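Counting starts at 1 for both ligands and their atoms, in listed order. The first residue in the sequence is number 1, and the count goes up from there. Source: prediction; values computed, not measured.
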Amino acid sequence: MTKAVSQVEKEDFEPYILVFCCNWCSYAGADLAGVSRFQYPPNVRIIRVMCSGRVDPAFVLRALKNRADGVLISGCHIGDCHYISGNEYTRDRFERLYNIIIKQLGVNEKRVKLEWVSASEGKRFAKVITDFTSEIKELGPLRK
Ligand code: FES
């Protein structure tokens with residue numbers, strides 16, 4: 001009985017997902033998805049930052065603590081960052097963030113993701129959002 005209720009709750013669950021997009025690639029990719037009318041779930045709130053390197057791990061932790069069920073960080077592909085190496089810092093920071101999330105806070109590591117999306121990848125942006133939303137739905141709410 002309890003299991004059936006839990007399954008129903010999971011099906012009704014609409015996750016709240018925060019997406020940090022760098023201005024020059026990923027946000028433009030999101031924009032392209034919009035103008036191209038590629039559909040993706042409306043569960044995401046996009047925050048535009050000038051570079052993925054601007055995303056302080058504290059932002060992610062605060063989002064998870066306060067409301068978000070999942071956080072996605074998206075930036076230019078490696079080698080394409082408009083600030084030369086901002087996304088390389090992001091990648092390194094993300095590994096450390098992952099270690100904190102997994103080892104210290106006990107949050108499922110699938111709730112935080114890093115993806116590179118270029119300005120020409122509107123379709124890919126829609127797919128990344130769709131896939132991530134499905135994964136978070138499968139995990140269920142972060143807070144009960
Ligand atoms: Fe896009 Fe740096 S400008 S990741």
Side-chain angles (χ1 to χ4, degrees), residues 5-144:
V5 170
S6 154
Q7 186 61 33
V8 169
E9 283 174 0
K10 213 174 197 179
E11 285 169 11
D12 291 342
F13 168 56
E14 289 298 336
Y16 184 86
I17 296 170
L18 213 56
V19 182
F20 291 99
C21 285
C22 85
N23 182 61
W24 303 105
C25 281
S26 301
Y27 192 81
D31 199 30
L32 181 61
V35 296
S36 306
R37 298 181 182 237
F38 296 135
Q39 299 289 311
Y40 60 83
N43 302 72
V44 296
R45 302 294 180 274
I46 296 175
I47 297 176
R48 178 166 49 170
V49 291
M50 291 310 287
C51 175
S52 66
R54 176 65 183 93
V55 181
D56 189 312
F59 298 168
V60 176
L61 298 175
R62 192 180 305 164
L64 291 171
K65 182 178 174 236
N66 289 326
R67 181 170 176 194
D69 298 297
V71 178
L72 178 75
I73 303 164
S74 187
C76 309
H77 289 273
I78 296 295
D80 291 344
C81 175
H82 291 239
Y83 302 96
I84 314 297
S85 55
N87 53 5
E88 292 170 15
Y89 287 115
T90 306
R91 183 185 56 199
D92 296 346
R93 266 197 211 133
F94 190 77
E95 283 171 19
R96 290 195 293 274
L97 177 66
Y98 234 59
N99 286 335
I100 291 171
I101 290 171
I102 296 166
K103 292 179 184 157
Q104 293 178 23
L105 300 180
V107 172
N108 189 314
E109 74 273 11
K110 290 181 182 169
R111 291 189 185 273
V112 182
K113 199 170 198 175
L114 176 63
E115 288 281 348
W116 310 127
V117 177
S118 80
S120 64
E121 294 178 319
K123 197 166 208 164
R124 179 171 146 66
F125 182 84
K127 183 173 177 356
V128 163
I129 297 298
T130 303
D131 292 349
F132 189 53
T133 303
S134 298
E135 287 169 25
I136 300 297
K137 268 190 176 182
E138 189 58 38
L139 290 173
L142 182 56
R143 285 159 295 280
K144 303 289 176 195

(request) Output every pair passing side chain to side chain donor-acceptor pair (under 3.5 Å) with a member in residues 42-51, not counting sequence neighbours, ordered by first then second residue. (result) E14-N43, N23-R48
(message) Between S26 and C76, is there a side-chain heavy-atom distance shorter than 4.5 Å?
(response) no
(request) Under 2.8 Å from atom 1 (Fe) of ligand 1, which protein N, O or S atoms are there? Could you list them by chain and number? (result) C22 SG, C76 SG
(message) According to salt bridge (charged side-chain N to carboxylate O under 4.0 Å, His left out), does anything in residues 127-136 pair up with another residue at least two apart or in another chain? List the pairs.
(response) K113-E135, K127-D131
(message) Would H77 and E115 count as a side-chain hydrogen bond (donor to acceptor under 3.5 Å, both in side chains) here? Give the steps.
(response) CA-CA 8 Å; H77 289 273; E115 288 281 348; over 6 Å; no
(request) With sequence neighbours left out, write down each residue that passes salt bridge (Lys or Arg N to Asp or Glu O under 4.0 Å) with K65, or none if nothing qualifies. (result) none
(message) Can you confirm whether L64 sits close enough to V112 that some side-chain heavy atom of one is under 4.5 Å from a side-chain heavy atom of the other?
(response) yes
